[in-house]
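Report on the structure given below.
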Amino acid sequence: MTDINNMIEQLYPEMVEWRRDFHKYAESGWVEFRTASLVAARLEQWGFEVKAGEEVIDKDSRMGVPQEDFLRRHEARAEQQGADMKWLPRFSGGFTGVVGILDTGRPGPTIGYRFDMDALDIQESNDQDHQPFADQFASVNDGMMHACGHDAHTSIGLGLAKLLSAIKSQLNGRIKMIFQPSEEGVRGAKSMVEAGVLDDVDVLFASHIGTGVPLGEVVCGSNGFLSTTKMDVSFTGVASHAGAKPEEGKNALLAAATAALNLHSIPRHSGGASRVNVGVLNAGSGRNVVPASAHLKLETRGETAEINRFMFENAQQVIKGAAQMYDVEAKIDIVGAATSCNSSPELAPYIRSQAEQVDTVKSIQDISSFAAGSEDATYMLDKVKSNGGLASYAIFGTTLAAGHHNEKFDFDESVMIIALKTLALAAINIEQLAKDKQILSH
Ligand SMILES: O=C(O)C[C@H](NC(=O)Cc1c[nH]c2ccccc12)C(=O)O
């Protein structure tokens, strides 16, 4: 433990450096070209077998992938911003996932760790009271910002990889480091599951920093993530002269507005929590033109997959009905999805016993159902659990300068030490869990 503590103390400044570098070069979903290339290069340097790009991302299971020209532009941008040129081509076309495997050669379970790498579509604050701006590591990429802590997640993942490779002789089984693209909008996890990345994982640790949990507190199993479906809807009508020939028009704006109002009229569900939100409505082209096009961005959520399906099916019905009412076409694209899933209750006490050994941890909760948001890591948890493995989603609390998804989001970086120590101990002591729970390696 003292050894590990010393090693982590030495690693910490490097993790802060990585985190600030990822923060400065924030990359949103499916264009994490620079980030993924640097992750792959470092994993390789530390002796991991590295799988990248289409090896770990199933092409057709990706959701909400940006247009080709956007992908190309950002690949070129990544090159200019110091991407690793050996690895960059592997991610071309938006396959920005990386998996590193460390095989100890000794029997034991396969332990998976999942980290997300994407930033949000937010313009970062340039106020002097925003620390990343004052300290000159605010995002240089327009409209992209790490405002949810995935820069920390990526750095924790790298720190953990470097540490575990250095103490490989003390470990058993296999370590699988999973670096996922495009968590925001819940677009990326499913493609890694479908590529088979989770098939051999016996124990999975997913985690998040912050989320309202104070610094020094660890939640071992965060439950309550809502199942969700994200949709883009395009209504197409017919434009006409609003004064001379209004009767020739087919009004896409009114169809979209009708849909928006009635989507929020879908009944509640007696089986549990449900949500619907139309977050964006854009329509029309000019004051004196009957609007021929309209676009909605919306989401449904449910406490269970069944409740979300109820919301989604009703939403489709409302959209089709609104389109029919105004004789326009409606096209629905699914651009993101996640399921609900609970952390394995058996894993929480094990994580607790690791967190208890971390000197700066002040308080530990086994299971919390506070979440109320969504997470596509749930697909990964689900996969591991359905194969008979154990999976948990942990929260490492930290002090926030502003809330998640805010342009002044920032956090106390020392949370990275707590996360790194807890997650490293979870690998070091895995034999204990393997014996207790009779987890067999594949
Ligand atoms: O659905 C999404 O796009 C994922 C997104 N996920 C998060 O924001 C992560 C998250 C879940 N619960 C919390 C609670 C506080 C901060 C962040 C989260 C959400 O729920 O909108």
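Numbering of ligands and ligand atoms starts at 1, following listing order. Owing to the predicted nature of the structure, the values given are computational and were not obtained by experimental measurement. Quick note: numbers below take in every heavy atom, side chains included, and nothing from hydrogens, waters or symmetry partners.
Closest heavy-atom approach to atom 20 (O) of ligand 1 within the set Gly212, Gly64, Ala377, Ser374: this belongs to Ser374.
Taking only nitrogen or oxygen atoms, main chain and side chain alike, Glu299 does not reach within less than 3.5 Å of ligand 1. Residue-to-ligand polar distances place Gly185 within reach of ligand 1: an N/O pair is separated by less than 3.5 Å. Ligand 1 has no nitrogen or oxygen under 3.5 angstrom from a nitrogen or oxygen of Thr228. Looking at ligand 1, you'll find an N or O of Arg301 within less than 3.5 Å of one of its N or O atoms.
Using a 4.0 Å cut-off to heavy atoms of Glu183, the atoms of ligand 1 that qualify are 4 (C), 6 (N). Remark: ligand 1 atoms within the under-4.0 Å shell around heavy atoms of His405 are 8 (O). Under a 4.0 Å criterion applied to the non-hydrogen atoms of His404, ligand 1 contributes the atoms 16 (C). Close approach of ligand 1 to Lys230 is summarised as follows: ligand atoms under 4.0 Å from at least one heavy atom of the residue are 1 (O), 2 (C), 3 (O).
Residues meeting the ring pair (Phe, Tyr, Trp, His ring centres under 6.0 Å) test with His404, sequence neighbours left out: His208, Phe409.
Side chains of Glu303 and Asn308: no donor on one and acceptor on the other come within 3.5 Å.
Neither the backbone nor the side chain of Glu375 has a heavy atom within less than 4.0 Å of ligand 1.
Side chain of Asn406 to main chain of Ala402: no donor-acceptor pair is present (N/O by atom type, distance under 3.5 Å, no hydrogens or angles).
Note on residues 7-28: pairs passing ring pair (Phe, Tyr, Trp, His ring centres under 6.0 Å), not counting sequence neighbours, are Trp18-Trp46, His23-Phe137.
The two residues Ser344 and Gly389 have their closest heavy-atom pair at OG-O, 4.4 Å.
Dense packing is recorded around CD of Glu14, with more than 12 heavy atoms of other residues, nucleotides or ligands lying under 6.0 Å away.
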Could you walk me through whether Phe179 and Phe115 satisfy the ring-ring contact (aromatic ring centres under 6.0 Å, His included) test, starting with their C-alpha distance in whole Å, then the side-chain angles of each, then the deciding distance to 0.1 Å, before giving a yes or no?
CA-CA 5 Å; Phe179 290 87; Phe115 302 95; 5.7 Å; yes
